[in-house]
Amino acid sequence: MPAIKLSDTVYSVGVQNPDLRIFDIVMRTEFGTTYNSFLIRREKTVLVETSHHNKFEKYLDNIKEVCDPAEIDYIILNHTEPDHSGALAQLMECCPKAKILCSQAAAIYLKNITNCCCKQIQVVKNGDSLDIGGAELSFITAPFLHWPDSMFTYYPAESAVFTCDFLGSHYCCPDIMDSKIDSEENYKSACKNYYDAIFGPFPAYVRAGLEKFEALNASTAYTSHGPVLTTDHLLPYVLEQYKLWSAPKVHEKPLIPIFYVSAYGNTEALGRSIAEGIHSVLDADVPLYNIIEHPMEKLAAQLNESDAFLIGSPTLNKDAVAPVWQLLAHVDAINLAKRPCAVFGSFGWSGEAAANIEQRLSSLKAAVFENNYRIHFVPSKEELAGAVSFGAEFAASLKQ
Ligand code: FEO
């Protein structure tokens with residue numbers, strides 16, 4: 001994608017990465033992504049965001065289509081994750097007079113991301129503004145959308161907000177405007193996947209961000225990934241979806257899923273008895289999931305949305321089995337603190353699985369039920385009755 005003039009003063013100079021299939025190690029990007037960057041040309045020349053370091057040559061060519069990089073007065077970094085800041089150090093060699101404007105948190109991160117540029121960093125605070133010649137830019141902090149350093153840059157002269165990751169999507173198509181998207185269906189799917197991965201852990205911050213954005217009544221959102229969103233096309237849709245996705249989840253009954261893995265049905269039998277015990281005390285929704293039979297995204301969503309949960313595992317190699325760790329790798333660590341949980345399992349030899357899972361859950365600050373429930377090999381009638389009691393005791397602890 002070459003440089004594109006988007007408005008009277010704003011140019012797209014970002015770079016596409018249509019072949020990217022994994023972003024940040026864990027996020028699938030079926031439709032590639034874009035590293036959007038924008039040049040504003042007024043009396044002052046302002047660059048908003050940079051690009052990934054591995055696209056630097058193309059990125060510099062795009063900037064040069066619009067101006068000599070040495071003319072750039074300001075570089076605004078709304079967020080410092082390396083897909084936005086990775087090209088900064090190299091770029092600074094071409095624009096010696098540029099000042100880097102960013103939040104306080106971003107200034108701290110940038111020092112160690114670029115290992116240079118410190119003297120050119122200028123911290124901006126919420127509400128600060130910048131005269132760029134016949135117009136102003138103002139800065140609005142937007143913490144945890146999705147890093148502590150995140151902010152928006154508002155450009156009232158053109159009713160536009162540079163929203164950085166917020167409202168973005170990993171979606172790459174030949175043109176950057178939402179009016180020219182090649183497949184709305186694919187875009188909407190990418191938008192949801194992006195929201196889940198990037199903003200799913202931060203619903204309260206998303207609601208705060210939506211309030212700030214809507215208070216500006218802007219007609220254009222220059223996102224840092226995917227299409228630029230406008231009120232005439234996809235911006236209303238994306239705002240509505242963000243409201244829907246970030247709304248507080250209210251369960252009619254407590255949701256207490258039980259996740260387990262079971263080699264010979266013994267841990268599964270314990271899980272069923274524990275569910276019976278929970279039902280004897282609470283009117284709760286207690287779905288049982290054999291971890292290897294369901295998509296991990298679905299299981300992670302259930303766990304992250306739960307009011308409490310249990311995990312059961314046999315012991316293999318002195319540890320819980322791999323699918324359990326996979327599930328725990330998908331836990332929303334930020335919101336798990338104080339979440340009640342309990343652990344159980346059948347074991348054959350040494351039986352370390354339960355303690356290892358408990359240790360991991362404790363490190364995530366979850367409220368781990370004081371006793372796990374372990375039995376040796378095949379549960380007897382008495383041991384199944386014990387599992388029922390264990391479930392009842394766990395459920396009773398939730399009522400306290
Ligand atoms: Fe697009 Fe948080 O990086």
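Counting convention: from 1, in listed order, for ligands and their atoms alike. For clarity, every value in this text was computed on a predicted model and none was experimentally measured.
Among the atoms of His84, an N, O or S atom is found under 2.8 Å from atom 1 (Fe) of ligand 1. For atom 2 (Fe) of ligand 1, the N/O/S atoms of Cys164 include none lying under 2.8 Å. Under 2.8 Å from atom 1 (Fe) of ligand 1 lies no N/O/S atom of His79, from backbone or side chain alike.
Atom 1 (Fe) of ligand 1 sits nearest to atom OD2 when only the N, O or S atoms of Asp83 are considered. Distances from atom 2 (Fe) of ligand 1 to the N/O/S atoms of Glu81 are shortest for OE1. When you scan the N, O or S atoms of Asp165 for the one nearest atom 2 (Fe) of ligand 1, you land on OD2.
A salt bridge is defined here as a Lys NZ or Arg NE, NH1 or NH2 lying under 4.0 Å from an Asp or Glu carboxylate O, and Arg272 with Glu268 meets this definition.
Annotation: Phe162 is in aromatic contact with Phe38 [ring centroid separation under 6.0 Å].
The aromatic rings of Tyr171 and Phe31 sit tilted, their planes meeting at an angle between 30° and 60°.
Put simply, the side chain of Cys102 does not reach to within 4.5 Å of the side chain of Ile75, judged on heavy atoms.
A side-chain donor-acceptor contact under 3.5 Å links Arg21 to the backbone of Thr29.
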